[in-house]
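First up is the structure itself, then whatever we jot down about it.
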Amino acid sequence: MSVERYNPREMEPRWQKVWDDAQSFAASNDDPREPYYVLEMFPYPSGRIHMGHVRNYAMGDVVARYHRARGKNVLHPMGWDAFGLPAENAAIERKTHPGTWTRQNIAAMKTQLKSMGLSLDWTREIATCEPDYYQHQQALFIDMLAAGLITRKKSKVNWDPVDMTVLANEQVIDGKGWRSGAPVEQRELTQWFFKISDYAEELLSGLDGLTDWPEKVRTMQRNWIGKSEGLRLLFELLPAQTTAATSIEVFSTRPDTIFGASFLALSPDHKLTSELAANNPALTEFVAECHRLGTATEVLEKAEKKGVFTGLYVKHPVIEGATLPVYVANFVLMDYGTGAVFGCPAHDQRDLDFARKYDLPVLPVVLPPDGDAASFAVADEAFTDAGTIYNSQFLDGLSIDDAKRQAADYFAARSVDGKPQGKVEINYRLRDWGISRQRYWGCPIPVIHCEVCGTIPVAKKDLPVVLPEDVSFDKPGNALDHHPTWKHVNCHQCGGPATRETDTMDTFVDSSWYFARFTAPQAPTPTIPAVANAWLPVDQYIGGVEHAILHLLYSRFFTRAMKATGHVNIDEPFKGLFTQGMVTHETYKSPKGDWVAPTDIVLESQGEVRTARHLQSGEPITIGSIEKMSKSKKNVVDPDEIVAAYGADTARWFMLSDSPPERDIQWTEAGVEGASRFQQRVWRLVGETIALIGQSKSTVRENDDAEGLALRKIVHRAVQQVADDIEGLRFNRAVAQIYELTNALVRSAGIAGAAPATRLDALEQGVERLIQLIAPMMPHLAETCWEALGKTGLVADALWPEVDPAMLVDDSVTLPIQVNGKRRGEIVVPKGTPSAEVEQLVLSLEAIARMLDGKPPKKIVIVPDRIVNVVV
RNA sequence: GCGGGCGUGGUGGAAUGGUAGACACACCGGACUUAAAAUCCGGAGGGGGUAUCCCCGUGCGGGUUCAAGUCCCGCCGCCCGCACCA
């Protein structure tokens, strides 16, 4: 019979409407079934979805639909990370309001997402730019402020003097603002901070429990938190006229090398530096030079180690009569440790570079295991490995770790300025999270500055603090600050004049708790704790690895802060995390060297050689490297065009096939064609099966012949393995299993012309289950087939097929026979055949006898039901 | 520099220490067709015998084991993250 081609363009919108009308994917907070929360990182509403979104959401949807089929109450919501800079830039360029631009983009992207057929609960949609979201964020802020989790302090920032705003490090390129091109200045600004560093230890130790996270991400967070154990050590200053200070405190993780110390170095931002610079023009100039370098990391990396001698000396803390010069050095960071270090050039590369430049002594105090104490010397490379301490009086002969402890004890017992000279301390690299942004399009910080009452939070009854609509972006800087009236208020405490805080929050705050808001998106409080606790933590979170540190760390902190303020009662927001790879595509270049879009070329192949030429001009095009899809390289493929041409199911299927989900996937036309062909193949199989069944209606479900039983086994095995693979997020393997099952079913249908009724029944049941296996991945096709097969209800509501354990075991097994580890043959034996019997069979094999050549085997290894290895 | 990951056919990739290359893409051959598309069947790691057999083969070199892509040691290459963190 001939079957009409499956037409996704017609069927996909139809099923989307059916799901919509039935509210198939709306989750109820009162549902008694086991809850399962799957979440994909919500998008920034840039205006269009890209293939990365398609991949991300296709994966999440498979998980969501699978767990629904497993009878769980699945929460699978979607929202918009809707505040941020691009909206303001668009406002400047197009003279539209950021809100208008953002809301238009949301509408457009929502249409696109809907066309993908995702099983999303749209009744819970949230957009962080709407007051009904951010008012609750303001309430959280006020609670956290009251709980002492927020502080206001001065901090050094990258300041763009033209745009009049703070820039993140990555927005500073070669010391210049990425937009304005103006040289970036370092400024001290008073900023609001979340005290994330208070949670450094907890955030670090909590990582050990996150066993369903990629090891890579946990490692990255560990490094970011950067715990180090060391000693705070006081150095006594020799009396000097230039300062009243009597000591300098340094932090060192290597107090074992104290006898190798040859100088002290202060940060340019150390308060003693500032004091000394007041009367020292050379030092003032040096500090200014350091500041001009900015904080951009690549600049700092290349900078030469430089310093200025302060004229001060400190006493060596152990060696009687010895002194060390005090420098200000450009490589000493103020916000780590104490902003001062002692330099031990022999065992630290930076100190060595510095010592060589200023001719300071280099005395080795750690001897390499194979080193000779009399001759060992450090040249251009500091020795930082393990060894034995020497040249160090009472530390001589100790290991590094023992010497650290000895030194710590020694200094703890002595005192300087009435304090212990040394104190063991744990330091973290993690700094407090500065959230102040001089921006309009963000969540207003709910604080007022009153002349009488000081800086105080807005009263909760006065929330939300709403962004004014009538803003102008004509002037650079913060449009909120420029607004003529908005910031002027009366203090709710004293009634006197006050001004609103005009800084808004970092958009990372918005995304640090949206997962909690989804559990009760219309609640009058930020969360309904009982509801949030029932859903959270998110069982499976899926997104890009680019958020491995900031977003995920902030969310982990925020969850703890919400616990401290009574909004949730959990520590970790995301139980399972999965980071998917990027979508890549070939690049194309014209003879002139310009990038050319894939839609503007024609590919040709002769044999295995592929060439390309320009669609319009016909000029030859060079096929270039495979890169992440990006507008600048023009190698993007628009999801809309793919959906229009092939349907959403094809795009989804392709995204799940072939490449392991954590790795990059290359988008190819051939791959899409293949996915589309498979879709048609399934549709044809269903059509053929219906035709076969129609000829011979059977209800017999037993007495299978061998063929029928074999087919049933294949089906049960596939159901089991696809389930295992989806649960393990190995979508590419699940797809491969489905291909195998389909091939088996197609073969079976092909030879089923005069088959007995039981075999047709096995085929029918197999096809039915195939459709269920496909349903999480190609849901529209699955619904169409389900309906065609005459099944009642939606496949989206059907429970996952049961697996009969008896169908997973075989009663006979194929044993490969190896001779000396190389396969020489195989035998088929009943399962559980005793080893002795197997041995007889093996030795009687002609091929084995030939290999033995009449000699007795040295040894026969028999792994029951697995393999036989004959050693000769 | 530190940390993590990876290296398997023409390609993407499979493989609890147990038959390496599942599945797919591309390719080649055949069937159907006036022809093409679509579809179906078949082939295929390399080399040799060209039958039903043998040798080599998972970046390179060693090792453990009856058996190694997988475990251990040492190299090489690529990718990612972090980095003046004392």
Side-chain angles (χ1 to χ4, degrees), chain A residues 2 5 214-224 226-228 230-231 250-255 257 265 267 297-298 300-305 329-333 335-344 347-351 353-354 384 427-431 545-546 548-549 605 607-610 654 657-660 662-666 668-675 677-678 680-681 684 730 732-740 742-743 746-747 750 814-826 846-847 850 857-863 866-872:
Chain A
S2 80
R5 282 178 68 81
E215 191 53 49
K216 176 181 167 175
V217 174
R218 295 201 285 169
T219 304
M220 282 163 75
Q221 292 212 352
R222 267 188 208 108
N223 293 343
W224 187 263
K227 180 178 182 172
S228 67
L231 197 69
V250 306
F251 176 75
S252 173
T253 56
R254 294 295 303 273
T257 62
S267 161
T297 47
E298 66 245 62
L300 292 174
E301 255 168 67
K302 290 172 197 131
E304 190 192 359
K305 311 271 170 293
N330 62 352
F331 63 90
V332 182
L333 305 173
D335 41 15
Y336 189 81
T338 62
V341 300
F342 78 75
C344 177
H347 304 292
D348 184 291
Q349 193 58 48
R350 295 156 303 179
D351 297 346
D353 295 345
F354 192 79
T384 54
N427 252 296
Y428 299 91
R429 204 187 76 108
L430 181 66
R431 319 212 186 127
V545 73
E546 65 273 19
I549 297 175
S605 57
E608 284 175 12
V609 183
R610 296 168 65 240
F654 177 67
S657 312
D658 295 343
S659 280
E662 69 278 9
R663 265 190 243 175
D664 290 353
I665 191 169
Q666 190 193 345
T668 62
E669 193 67 15
V672 184
E673 296 280 359
R677 271 203 299 274
F678 177 68
Q680 297 296 343
R681 185 172 155 89
R684 271 197 313 276
R730 295 177 296 266
N732 58 321
R733 292 217 328 210
V735 165
Q737 296 290 349
I738 291 172
Y739 274 123
E740 272 186 86
T742 308
N743 289 344
V746 167
R747 224 173 292 127
T814 304
L815 290 184
I817 314 299
Q818 297 180 329
V819 176
N820 289 341
K822 279 181 192 164
R823 186 182 163 280
R824 296 296 174 189
E826 59 183 39
E846 201 250 329
R850 184 151 34 84
K858 207 159 140 194
K859 187 175 174 184
I860 300 183
V861 179
I862 298 174
V863 183
R866 286 225 72 125
I867 200 165
V868 179
N869 193 6
V870 182
V871 187
V872 301

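Protein chains get the first letters and strands the later ones, always in sequence-line order, with residue 1 at the start of each.
At a threshold of 4.0 angstrom between heavy atoms, the contacts of N732(A) are confined to the sugar-phosphate backbone, with no base atom among them. In this structure, D351(A) reaches neither bases nor backbone, as no heavy-atom distance under 4.0 Å exists between it and the strands shown. Residue Y739(A) is classed as a sugar-phosphate contact, given heavy-atom separations below 4.0 Å to backbone atoms only. Among the heavy atoms of the strands, none lies under 4.0 Å from V250(A). The residue V871(A) sits close only to the backbone: its heavy atoms come under 4.0 Å of sugar-phosphate atoms, none of a base. Note on K822(A): only backbone sugar-phosphate atoms sit closer than 4.0 angstrom, heavy atoms only; bases stay farther off. Note on R254(A): only backbone sugar-phosphate atoms sit closer than 4.0 angstrom, heavy atoms only; bases stay farther off. Residue Q666(A) is classed as having no contact, given no heavy-atom separation below 4.0 Å to the nucleic acid. In this structure, R730(A) reaches neither bases nor backbone, as no heavy-atom distance under 4.0 Å exists between it and the strands shown.
Dashed line: the shortest gap from a side-chain N or O of S228(A) to OP1 or OP2 of A86(B) is under 4.0 Å. One finds no side-chain N or O of K216(A) lying less than 4.0 angstrom from the OP1 or OP2 phosphate oxygen of G5(B). An OP1 or OP2 oxygen of A26(B) is reached within less than 4.0 angstrom by a side-chain nitrogen or oxygen of R677(A). Dashed line: the shortest gap from a side-chain N or O of R866(A) to OP1 or OP2 of U16(B) is not under 4.0 Å.
Considering all non-hydrogen atoms of both residues, V341(A) and V332(A) come closest at CG2-CG2, 4.0 Å. Residue P255(A) comes nearest to F342(A) through the heavy atom pair CA-CZ, 4.5 Å, listed as atom of the first residue, atom of the second, then distance.
Across U8(B) and G12(B), the matching P atoms stand 8 Å from one another, rounded to whole Å. Using atom P as the reference point in both G59(B) and A68(B), the two lie 15 Å apart (nearest Å). Between G61(B) and C80(B), the distance separating the two C1' atoms is 27 Å to the nearest Å. For U19(B) and U58(B), the C1' atoms lie 15 Å apart once the distance is rounded to whole Å. When the P atom is compared between A14(B) and G62(B), the two are found 29 Å apart, to the nearest whole Å. Nucleotides U11(B) and G18(B) have their P atoms positioned 26 Å apart, rounded to a whole Å. Between the P atoms of A22(B) and U33(B), the separation comes to 33 Å (whole Å). Comparing the same atom, C1', in C2(B) and in C85(B) gives a spacing of 12 Å after rounding to whole Å.
To the nearest 0.5 angstrom, F331(A) atom CZ is 11.0 Å from S267(A) atom OG. If you take CE on M220(A) and CD1 on I549(A), they are separated by 4.0 Å, rounding to the nearest 0.5 Å. A distance of 13.0 Å separates NZ of K227(A) from CG of L430(A), quoted to the nearest 0.5 Å.
A86(B) atom C1' lies 18 Å from atom NZ of K227(A), rounded to whole Å. For the pair N743(A) CG and C41(B) C1', the interatomic distance rounds to 13 Å; values are reported in whole Å. Across the protein-nucleic acid pair, Q818(A) atom CD and U65(B) atom P stand 17 Å apart, rounded to whole Å. Following rounding to the nearest Å, Q737(A) (CD) and A22(B) (C1') show an atom-to-atom distance of 9 Å. Between the P atom of A86(B) and the CG atom of D353(A) lies a distance of 17 Å, rounded to the nearest Å. Look at CD on E669(A): it is 14 Å from P on C25(B), rounded to the nearest Å. Atom pair R823(A):CZ and G17(B):P shows a separation of 22 Å (rounding to whole Å applied). Atom pair Q349(A):CD and A83(B):P shows a separation of 20 Å (rounding to whole Å applied).
When each of C84(B), G12(B), A86(B) is scored by its nearest atom to the side-chain atoms of K305(A), the top-ranked nucleotide is C84(B). For L333(A), whose side chain is taken as the heavy atoms from C-beta onward, the closest listed nucleotide among C85(B), G3(B), G12(B) is C85(B).
Nearer to the 5' terminus of RNA chain B, by closest-nucleotide assignment, is the contact made by E740(A) (compared with the other of E740(A) and R429(A)). Nearest-nucleotide positions on RNA chain B for R663(A) and P816(A) put R663(A) closer to the 5' end.
Put simply, the side chain of N223(A) and the base of C82(B) share no donor and acceptor less than 3.5 Å apart.
Pairing for G81(B) is with C2(B), a Watson-Crick or G-U wobble pair whose two hydrogen-bonding atom distances lie under 3.5 Å. Look at A51(B): it lacks any Watson-Crick or wobble partner with both distances under 3.5 angstrom. Using the Watson-Crick or G-U wobble rule with both distances under 3.5 Å, G45(B) pairs with C56(B). Across all strands shown, U33(B) forms no Watson-Crick or G-U wobble pair with both key distances under 3.5 Å. Base pairing of G21(B) is not made with any nucleotide, judged by Watson-Crick or G-U wobble geometry with both donor-acceptor distances under 3.5 Å.
The shortest side-chain heavy-atom distance between D348(A) and R350(A) falls under the 4.5 Å cut-off.
The glycosidic torsion of G9(B) lies within 90° of 0, which places this base in the syn conformation.
Using a 4.0 Å cut-off between charged side-chain N and carboxylate O, R222(A) and E215(A) make a salt bridge.
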Problem - Check against side chain to side chain donor-acceptor pair (under 3.5 Å), N743(A) and R681(A) - result: CA-CA 10 Å; N743(A) 289 344; R681(A) 185 172 155 89; 2.5 Å; yes

